[in-house]
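Okay, so here's the structure we're looking at.
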Number of protein chains: 2
Amino acid sequence: MTGRKTSSTNYSNQIFLEERCSLNELINLLSKRWITEILFGIEEGNNRFTTLKEELRHISDNILADRLRLLEEYKLISKESFIEIPPRVEYTLTDTGHELSRQLEVLCNFSDQCMVSKKAVSC
Amino acid sequence: MTGRKTSSTNYSNQIFLEERCSLNELINLLSKRWITEILFGIEEGNNRFTTLKEELRHISDNILADRLRLLEEYKLISKESFIEIPPRVEYTLTDTGHELSRQLEVLCNFSDQCMVSKKAVSC
DNA sequence: GTCATAACTCTTAATTTAATGAGTAACTAC
DNA sequence: GTAGTTACTCATTAAATTAAGAGTTATGAC
């Protein structure tokens, strides 16, 4: 999870795209592996680190931690820590998070119909 | 552009996600760099390799070729080749492609409002 | 005193993705 | 006969992303 090399063409191209359209910024976030499932999981009330980890059986700890951090940074989820031993932390969707989730469900219906098995079929 | 290693955890996790929800397959496609801009470009009538290359100033040839191939494979665009010298090839959106483009515009409005400068603001 | 627990962090290694730069075909204009 | 055109392909290198595995902290249960 070390930072990017901001002097690379790779980086400046990403910036070019994000400046052209904020959709590219959103897609860049959504394309991080596991992130949609984490968002949907939290929406459905699966709101803790360990239970999310159980649901998404193959995710590794550092990735889950990173994704939760990202979602919080983008204000799509918020985090509440309870001072207990062992610690308890709960995540919930923000209003923006709920709105995104709703939009993604629409897109999901589209992909269900149109992305069957690696190739689109006519809608 | 060589193939993936299908025995990796990286690969099997991607499959796990795509089987969980087809949205992940769609996002995986949309997350390929430049692909949304190519889709929008073609929608707006910028329908040739060279002109797309000019519009997206920093894209490299092999990436553009790969993205066009992908979009065609997913039946979001179709390709017409004219037997001329120098060759001429034109791309157009399929019905599915138009529908996707429409859906992405909605998502784009969302991201315009909510992804201001790397961090979401309340809607 | 050893183990378990939750929610993480850190380093390193494997894998995937994107970029660079050269090359191709077939013809036209100069 | 040299350069220019379009729509590509190919091999190599650079960079980014993901995964693996160990470590942390404070406490309660045994």
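Per chain, numbering begins at 1; letters A, B, ... match sequence-line order. These figures come from a predicted structure and were not determined experimentally.
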#### Entry: Non-hydrogen side-chain atoms of B:Lys79 and B:Leu68 separated by less than 4.5 Å
no
### Query
Should B:Lys32 be listed as having a side-chain N or O under 4.0 Å from OP1 or OP2 of C:dA18?
no
### Query
Rounding to a whole Å, what distance do you find between B:Ile42:CD1 and D:dA7:P?
12 Å
### Test salt bridge (Lys or Arg N to Asp or Glu O under 4.0 Å) applied to B:Arg20 - qualifying residues, sequence neighbours left out
A:Glu37, A:Glu55
## Note on the structure
Per-residue pairing states of DNA chain C in dot-bracket (Watson-Crick or G-U under 3.5 Å; . unpaired, | other strand) read ||||||||||||||||||||||||||||||
### Message
Distance check needed: D:dG28 C1' versus A:Ile83 CD1, whole Å only.
### Response
18 Å
### Task
Report the nucleotide, chosen from C:dA19, D:dA19, C:dC8, that has the shortest atom-to-atom distance to any side-chain atom of A:Tyr91.
C:dC8
Which atom pairs link the protein and nucleotides 13-15 of chain C when you take only N or O atoms and keep those under 3.5 Å?
from	atom 1	to	atom 2	distance (Å)
C:dT15	OP1	B:Lys5	NZ	2.9
C:dT15	OP2	B:Lys5	NZ	2.7
C:dT15	O3'	B:Ser8	OG	3.4

#### Entry: Earlier contact from the 5' end, DNA chain D, for B:Asp61 and B:Asn13
B:Asp61
### Protein proximity profile, nucleotides 25-30 of chain C - base contact B, sugar-phosphate-only contact S, no contact -, cut-off 4.0 Å on heavy atoms
-BB---
### Message
Whether B:Arg88 contacts D:dT5 is assessed here as follows: a side-chain N or O lying under 4.0 Å from the phosphate OP1 or OP2. Is that the case?
### Response
no
### Query
What pairs meet the salt bridge (charged side-chain N to carboxylate O under 4.0 Å, His left out) rule with one or both residues in residues 84-94 of chain A, with sequence neighbours excluded?
A:Glu84-A:Arg88, A:Arg88-A:Glu90
### Message
Counting only side-chain nitrogens and oxygens, does B:Trp34 get under 4.0 Å of the OP1 or OP2 atom of C:dA19?
### Response
yes
### Query
Taking C-beta and beyond as the side chain, do B:Glu25 and B:Leu29 meet within less than 4.5 Å on heavy atoms?
no
### Query
Using a cut-off of less than 4.0 Å, is there contact between a side-chain N or O of B:Arg33 and OP1 or OP2 of C:dA19?
yes
### D:dT18 phosphate, OP1 or OP2, under 4.0 Å from A:Arg67 side-chain N/O
yes
#### Entry: Interface residues of residues 43-60 of chain B with DNA chain D (non-hydrogen, below 4.0 angstrom)
B:Arg48, B:Phe49, B:Thr50
### Query
With a 4.5 Å heavy-atom cut-off, do A:Phe16 and B:Trp34 have their side chains touching?
yes
### Task
Specify the separation, in whole Å, of atom CG of B:Leu68 and atom C1' of D:dA7.
10 Å
### Query
Does some side-chain heavy atom of B:Pro87 sit less than 4.5 Å from a side-chain heavy atom of B:Ser81?
no
